Amino acid sequence: MHIFSSSKTIIMSTESIIRKAVNQAAQHLYAISIDEDTLQVQKTKKEFEGDVTIVMFPLAKQLRQSPAALAQAIGDYLQQNDEMISKFNVIQGFLNLSIAQDYWVETLHAIDAQPTFGLKLATENSPLVMIEYSSPNTNKPLHLGHIRNNLLGYSLAEIMKANGNRVVKTNIVNDRGIHICKSMLAWQKYGNGATPESTGIKGDHLVGDYYVKFDQEYKKQIQILIEKGIPEDQAKKEAPLMLEAQEMLRQWEANDPAIRHLWETMNQWVYAGFDITYKALGVNFDKIYYESKTYLTGKQQVEEGVAKGIFQKRPDTSVWADLTADGLDEKLLLRADGTSVYMTQDIGTAKLRYDDYPIDKMIYVVGNEQNYHFQVLSILLDKLGFKWGKDLVHFSYGMVELPEGKMKSREGTVVDADDLMDEMITTARQTSEELGKLDQCTPEEAASIVRKIGLAALKYFILKVDPRKNMTFNPKESVDFNGNTGPFIQYTYARILSVLRKASEANIQTAGSAPLTQPLSEKEISLIQLVNEFPATVAEAGNSYSPAIIANYAYELAKEYNQFYHDYSILKEENEALRAFRLELSRNSAKVLQSAMHLLGIEMPERM
RNA sequence: GGUCUCGUAGCUCAGCUGGAUAGAGCAACAGCCUUCUAAGCUGUGGGUCUUGGGUUCGAAUCCCAACGAGAUCACCA
């Protein structure tokens, strides 16, 4: 139909087209124009006939007419004057409009013509968004909490890209401090020269083992001191291991060659381990910063702040920021001995990043236990003159809890990232074998499929919940491949590809076929509608920083497709035009499913 | 105690810029494979949306209060 065939109209969302039409009707009938807020356009609920619903109550108020009468009048007008509206019905104050089938078919053609449908590509002039995520400590391996962080950060980066931003993914590695010295000291004392090579243990796990060892031995020493009658607080400070660790930190700061060498060696082990974990998870970074290289810059920034009168130096030479005017407390920035704190380092990192990139927006993916920290950081960066400081985004996500409660590394209730991924993949393999899905595959194909499925189950499980909320992860029950899960969506995709493969093998044409002569089913129309909602969904996910919106959309789409697939045959349809239409619909459903899952960092297998 | 989150089915979660009879999945039960992949589809049961007020034509959604859960208020990172 010509009225929607111009590319401009097609790109316009259905909602805005309807808005325009209703506004025109109102102008014609009542000589008024309706503002955005008054005109409520929404998807018609499943149990009513129609595609789009206009809520008449607000309008009725403004025009002092009954909602039903208004709806009837506007409905009549649209049906007569707008080719797009084929039917309407009025129920109470709701005007339900049915949109002509041709509009949906044209919409599908337009979608089909866009390989990157729903994704806004960035240009050289697009805003530059930097996303910091992961941010590990180099004294222990990554765990379930890090997995949520990494998945959210990576997905968020993809979503920002899809909304037309240039994105730099960055990682700030916390590679210095007393906690690192603890691992180093324990390794020195109890390690007997063990290396990842000599033990066959992954580097980050090896170092983590010595961090645990430190804690065990330290506790023993405290116990001994307490038995000697020393109060617990004092015992914690005076235990020989703690004193040695502190001495080691001093030597590190004084650039002691032997300590520095040990530090570098052990950090390299950890990085090699992290690399494996990151690769397995499918996340990566464009630029990595190390706190050992940023904290000195932070000190400089703070000193400059003192010189400018932004910060205050106290008689004991410690430096403070007075935030009482902002409704917060005073915040320490440098200790009296001149050493830096967490905040100092973040300021230094910010400075280095600003030097490296012309950042327009900075997003920190960090857990919600640090809300206060980022509130303060935002104010401090603003005071120091960083233009994005005031508007920095703290993407604050909730904790991952186990059914027994919080994870505690000291109590051994931490779910290790590597172990968890392995388990998911193993389970995926078992399930696939039980279902006989791998019978036709080479071992390499099987390994690839099983890896994609296992990771999808994990990633989707974590990403489908609202990032802000705390979530519960049950290691046993969360490994599910049915229902609202990643593998369900993958399966739908693999199914579609299978149909498309068969179509192509049979040389079935999907292009240039005759126009449809019969009415489409509700299922087919609603599937087009859902596919058509993808761009709006991507935009919404970008605005609200929420991968969960994408995940839930993908699930809805997969479910809708499966219903269609179940009710209608595609390849066996004898009407050529209808068959071509269904293939086109299938192809675009697959395309959008793939794009959506890509935004979540989930790979799709071509068969499973 | 101050500040900030959160409270929806037995469990895990959607819905929240106010709209029609509050939705999924899991678990339970009952159906559907000689037909394009049954990791699928269909159906049944399951709810005082924590409680009490307020705003309104209309509240799970907005406001206030109470109760409950969590986070934070470090010269730890």
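Just so it is clear, the values below take in all heavy atoms, side chains as well, and ignore hydrogens, waters and symmetry mates. Remember, predicted model here, so these are calculated numbers, not experimental data.
The phosphate of B/U37 has neither OP1 nor OP2 within less than 4.0 Å of any side-chain N or O from A/Arg501. Under 4.0 angstrom from either OP1 or OP2 of B/A14 there lies at least one side-chain N or O belonging to A/Lys469. Not one side-chain nitrogen or oxygen of A/Gln375 sits closer than 4.0 Å to the OP1 or OP2 atom of B/C4. Taking side-chain N and O atoms only, A/Ser498 has a distance below 4.0 Å to OP1 or OP2 of B/U37. Applying the 4.0 Å criterion to OP1 and OP2 of B/U72, one finds that A/Tyr372 has every side-chain N and O outside that range. Remark: A/Arg495 is not in phosphate contact with B/G40, judged by side-chain N or O atoms under 4.0 Å from OP1 or OP2. Residue A/Arg335 places at least one side-chain N or O closer than 4.0 Å to OP1 or OP2 of B/A77. Within the structure, a side-chain polar atom (N or O) of A/Asn482 is placed less than 4.0 Å from OP1 or OP2 of B/G40.
At the heavy-atom level, A/Met471 lies under 4.0 Å from the strands shown only through sugar-phosphate atoms.
Figure legend. B/G18 is base-paired to no nucleotide; pairs are counted as Watson-Crick or G-U wobble with both atom distances under 3.5 Å. Pair assignment for B/C49 gives none, since no Watson-Crick or G-U wobble pairing has each distance under 3.5 Å. Base-pair partner of B/U3: B/A71 (Watson-Crick or G-U wobble, both distances under 3.5 Å). When Watson-Crick and G-U wobble pairs are counted only if both distances are under 3.5 Å, B/G10 pairs with B/C26. Of the nucleotides present, none pairs with B/U37 by Watson-Crick or G-U wobble criteria with both distances under 3.5 Å. Summarising the base pairing, B/A59 is matched to no nucleotide, lacking a Watson-Crick or G-U wobble pair whose two defining distances lie under 3.5 Å.
Separating the NZ atom of A/Lys331 from the P atom of B/C73 is a distance of 7 Å, rounded to the nearest angstrom. One interatomic measurement links the two molecules: NZ of A/Lys559 to C1' of B/A24, which rounds to 5 Å at whole-angstrom precision. One atom, OH of A/Tyr568, and another, P of B/C41, lie 16 Å apart when rounded to the nearest Å. The separation between A/Asn562 atom CG and B/U42 atom P is 9 Å, rounded to whole Å. Atom pair A/Tyr491:OH and B/G25:C1' shows a separation of 17 Å (rounding to whole Å applied). Taking atom CZ of A/Arg250 as the reference point, atom P of B/C75 lies 19 Å away to the nearest angstrom. Across the protein-nucleic acid pair, A/Ile91 atom CD1 and B/C57 atom P stand 23 Å apart, rounded to whole Å. Between the CD atom of A/Glu560 and the P atom of B/G23 there is a distance of 16 Å, given to the nearest Å.
In this structure, A/Tyr211 has its ring center at least 6.0 angstrom away from the ring center of A/His179. Checked against the 6.0 Å centroid threshold, A/Phe564 and A/Tyr561 count as a close aromatic pair.
Side-chain polar atoms of A/Ser521 and A/Glu524 form a donor-acceptor pair below 3.5 angstrom.
You can call A/Phe57 stacked on the base of B/G19; the centres are under 5.5 Å apart and the planes sit within 30°. For B/A24, the base is not stacked against the aromatic ring of A/Tyr555, per a cut-off of 5.5 Å between centres and 30° between planes. The aromatic ring of A/Phe48 is stacked on the base of B/A20, with the two ring centres less than 5.5 Å apart and the planes inclined by under 30°.
Within 3.5 Å, no donor on the side chain of A/Thr485 pairs with an acceptor on the base of B/A39, nor the reverse. Residue A/Thr492 places no side-chain atom within donor-acceptor reach of the base of B/A39, judged by atom type and a 3.5 Å distance cut-off alone. Not a single donor-acceptor pair, N or O on each side, falls under 3.5 Å between the base of B/A74 and the side chain of A/Asp329. For A/Lys45 against B/U21, no side-chain N or O and base N or O form a donor-acceptor pair under 3.5 Å.
Taking the P atoms as reference points, B/C32 lies 38 Å from B/C16, given to the whole Å.
Paired with A/Glu291 under the rule side chain to side chain contact (heavy atoms under 4.5 Å, CB included), one option of A/Ile172, A/Asn137, A/Thr138 passes, and it is A/Ile172.
Taking a cutoff of 4.0 Å between a charged side-chain nitrogen and a carboxylate oxygen, A/Lys237 and A/Asp233 do not qualify as a salt bridge. At a threshold of 4.0 Å, the pair A/Glu303-A/Lys313 counts as salt-bridged, since one of the basic side-chain nitrogens sits closer than that to a carboxylate oxygen. Ion pair A/Arg250/A/Glu247 flagged as a salt bridge, since at least one NZ, NE, NH1 or NH2 atom sits closer than 4.0 Å to an Asp/Glu carboxylate oxygen.
Syn is the glycosidic conformation of B/C33, whose angle stays within 90° of 0.
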